[in-house]
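Notes follow once the structure below has been shown.
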Amino acid sequence: MATLEQITQKVRCGERISGDEALILWLQAPLWLLGELATEAKRKVSGDKVYFNRNFHLEPTNLCVFNCKFCSYRRTKGDPEAWDYTMEQMEQIVRDRAESGATEIHIVGGVHPEHDIYFYAELIRCVKAIMPQAAIKAFTAVELAYMIRKAGLTTEEGLCLLIESGMEAIPGGGAEIFDEELRSKICPEKGTTAEWFEVHDAAHRLGIKTNATILYGHVESLEHRIDHLLRLRDQQDKTGGFNAFIPLKYRNFGNSMSEIGEVSIVEDLKMLAMSRILLDNIPHIKAYWVMYGKQTTELALSFGADDIDGTIEDSTKIYSMAGAADQRPVMTIEQIERIAATAGLRAVERDTFYNEITR
Ligand code: V47
Ligand code: SF4
């Protein structure tokens, strides 16, 4: 079996490591070493840059046909905290932000019991008509698989319909944990791992860039996390369409797994570093500041992250409802620049496809 020194050497030389080697590194490497290895790997991809974008989220509803145990966001119809926007209300939300300079609109929500793929195609067309300059990154693979299946279309047919309407990228949500047994415990009704991969595989083959996530810090083991990362690395070898990987820390407020608590910041930093080291073929590792909070995000930039997501403009409720510190998440460009500078890095504005934007 390889030693920590041998594995460290391999990572330094840019050689791919196996799952067994990753486990040794995760268990034995001190935090500073993981930070150093991940930073070296990050620097090869993005030098001294930290990417961000000007973006906002549109969350059509928090009604959902599923009931994932970790979800703090879902409500049932009639609940005072439920929302279910009409097309007109969503158009108004976008119109209100039309002058914000956003280059991306991230659309995700619950899996609505009634709305079908044609409603969402229309939504994309309406949003695009109001902000043609912004890219639409829309719907998790779980939402997509559900609406496409319900319409009786093949995955390719469903995606093509949405692409023709203006969908340009797909976010990484719905991945949770790929291990089938564990997935069936924490989100038994949700779309399967195979469905998640089918949507991303088809999207990549159609030329659409996507992101990927993991939900970590609940009841999974390190082996489950490594298995998750390796499945993504294999997929990326085949289709190459993942832009970014986003480790999502389980936040425990207001859901039915609350009693298990949350993992430490050290655990978050190790998760980021190991993601950077193992996913040698996914260009960007995103520290989603809305979920970590601004302080942990500063630290994340010394552990392999090269992206912190965007300005957000108080447009998402997923993490504020799950206990994140920022109850009204907004980040100004000055704050983003300060966070990057604290880590000795340079904030660079990007579009959805990581083209740099100079204003
Ligand atoms: O899939 C739900 C997660 C995800 C909780 O692609 C929770 O750029 C932690 O995927 N604690 C949706 N996480 C959000 C998402 C995302 C976010 C930012 C950027 C991108 C991107 C994607 O939120 C869900 C689920 O894994 N989630 N509940 C919770 N209690
Ligand atoms: Fe629905 Fe998503 Fe919440 Fe699961 S995580 S219950 S799919 S909104």
**Study point:** side chain to side chain donor-acceptor pair (under 3.5 Å) evaluation trace for T155 with E198
**Key:** CA-CA 8 Å; T155 306; E198 191 185 326; 2.7 Å; yes
With clusters defined by side-chain heavy atoms of hydrophobic residues (ILVMFWY) lying less than 4.5 Å apart, directly or transitively, does [Y] cluster with [X]?
{"X": "M87", "Y": "L162", "answer": "yes"}
{"X": "V142", "Y": "L159", "answer": "no"}
{"X": "L144", "Y": "V65", "answer": "no"}
{"X": "V45", "Y": "L232", "answer": "no"}
{"X": "L58", "Y": "L63", "answer": "no"}

Review point. Considering the options T296, I336, D326, D307, which one meets the side chain to side chain contact (heavy atoms under 4.5 Å, CB included) requirement together with W289?
Key: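 In the set T296, I336, D326, D307, the residue that makes a side chain to side chain contact (heavy atoms under 4.5 Å, CB included) with W289 is D326.
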Review point. Of I136, N243, T210, which is the lone residue that meets side chain to side chain contact (heavy atoms under 4.5 Å, CB included) with I170?
Key: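 Among the candidates, only T210 passes.
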Would you find a donor on one side and an acceptor on the other, under 3.5 Å apart, between the side chain of [X] and the backbone of [Y]?
{"X": "N62", "Y": "W83", "result": "yes"}
{"X": "N55", "Y": "A102", "result": "no"}
{"X": "S72", "Y": "F253", "result": "yes"}
{"X": "K49", "Y": "D306", "result": "no"}
{"X": "K317", "Y": "M321", "result": "no"}
{"X": "R251", "Y": "L248", "result": "no"}
{"X": "E157", "Y": "T154", "result": "yes"}
{"X": "T311", "Y": "E313", "result": "no"}

I need the [X] [atom1] to [Y] [atom2] distance, nearest 0.5 Å.
{"X": "L206", "Y": "M167", "atom1": "CG", "atom2": "CE", "result": "8.5 Å"}
{"X": "D309", "Y": "N53", "atom1": "CG", "atom2": "CG", "result": "6.0 Å"}
{"X": "Y120", "Y": "H115", "atom1": "OH", "atom2": "NE2", "result": "6.0 Å"}
{"X": "C126", "Y": "E91", "atom1": "SG", "atom2": "CD", "result": "4.0 Å"}
{"X": "H200", "Y": "Q236", "atom1": "NE2", "atom2": "CD", "result": "11.5 Å"}
{"X": "T332", "Y": "E337", "atom1": "OG1", "atom2": "CD", "result": "8.5 Å"}

Review point. When you look at I277 and I17, which way does the side chain to side chain contact (heavy atoms under 4.5 Å, CB included) test go after all the steps?
Key: CA-CA 8 Å; I277 292 165; I17 60 168; 4.0 Å; yes
**Study point:** Step-by-step side chain to side chain contact (heavy atoms under 4.5 Å, CB included) determination, F119 to H112
**Key:** CA-CA 11 Å; F119 175 89; H112 195 282; over 6 Å; no
Exercise for review: Please confirm whether R97 makes a cation-pi placement over F56, using NZ or CZ under 6.0 Å from the six-membered ring centre and within 45° of the ring normal.
Suggested key: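 R97 over F56 ring: yes.
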Check your understanding: Just checking, K190 and W196: is the charged tip under 6.0 Å from the six-membered ring centre and within 45° of the axis?
Key ->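 Output no; distance or angle outside limits.
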Side-chain heavy atoms of [X] within contact of [Y], under 4.5 Å:
{"X": "V50", "Y": "R346", "result": "no"}
{"X": "T193", "Y": "R231", "result": "yes"}
{"X": "I226", "Y": "L230", "result": "yes"}
{"X": "I308", "Y": "K286", "result": "no"}
{"X": "Y288", "Y": "T213", "result": "no"}
{"X": "I186", "Y": "M257", "result": "yes"}
{"X": "V108", "Y": "F139", "result": "no"}
{"X": "Q133", "Y": "M131", "result": "yes"}

Exercise for review: Check the surroundings of atom NZ in K77: do more than 12 heavy atoms from other residues, nucleotides or ligands lie under 6.0 Å from it?
Suggested key: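 Not buried by this count: 12 neighbours or fewer within 6.0 Å.
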**Study point:** Crowding at CD, E181 (>12 non-hydrogen neighbours, <6.0 Å)
**Key:**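 Not more than 12 within 6.0 Å, no.
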Going by an N to O cut-off under 4.0 Å, is there a salt bridge joining [X] and [Y]?
{"X": "R74", "Y": "E81", "result": "no"}
{"X": "K44", "Y": "E40", "result": "no"}
{"X": "R95", "Y": "E88", "result": "no"}
{"X": "E122", "Y": "R125", "result": "yes"}
{"X": "R205", "Y": "D201", "result": "yes"}

Not counting sequence neighbours, which residues clear salt bridge (charged side-chain N to carboxylate O under 4.0 Å, His left out) with [X]? List them please.
{"X": "E349", "answer": "R54, R359"}
{"X": "K249", "answer": "D268"}
{"X": "D280", "answer": "R16"}
{"X": "R276", "answer": "none"}

Are [X] and [Y] linked by a side-chain donor-acceptor pair shorter than 3.5 Å?
{"X": "E59", "Y": "T316", "value": "yes"}
{"X": "D179", "Y": "H228", "value": "no"}
{"X": "Q235", "Y": "T239", "value": "yes"}
{"X": "N255", "Y": "Y250", "value": "yes"}

Exercise for review: List the steps and the verdict of side chain to side chain contact (heavy atoms under 4.5 Å, CB included) for I117 and K150.
Suggested key: CA-CA 8 Å; I117 194 167; K150 199 167 147 184; over 6 Å; no
Practice item. Would you list the pairs meeting side-chain hydrogen bond (donor to acceptor under 3.5 Å, both in side chains) in which at least one residue belongs to residues 136-148, sequence neighbours left out? Key: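 Listed once each, the pairs are E104-K137, H106-K137, T140-E143.
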Review point. Is the ring centre of Y319 less than 6.0 Å from the ring centre of Y73?
Key: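 No, the ring centres sit 6.0 Å or more apart.
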Exercise for review: Quick one: which residue pairs count as a ring pair (Phe, Tyr, Trp, His ring centres under 6.0 Å) with a foot in residues 203-227, not counting sequence neighbours?
Suggested key: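 For residues 203-227, and leaving out neighbouring residues, the ring pair (Phe, Tyr, Trp, His ring centres under 6.0 Å) pairs sorted by first residue read H204-F242.
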Review point. Parallel, tilted or perpendicular: which fits the ring planes of Y51 and Y354, with parallel below 30° and perpendicular above 60°?
Key: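 Geometry flag for Y354 against Y51: perpendicular rings.
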Exercise for review: Report the C-alpha separation of Q295 and L299 in whole Å, then their side-chain angles, then the decisive distance to 0.1 Å, and conclude whether the side chain to side chain contact (heavy atoms under 4.5 Å, CB included) test is met.
Suggested key: CA-CA 7 Å; Q295 286 182 352; L299 287 169; over 6 Å; no
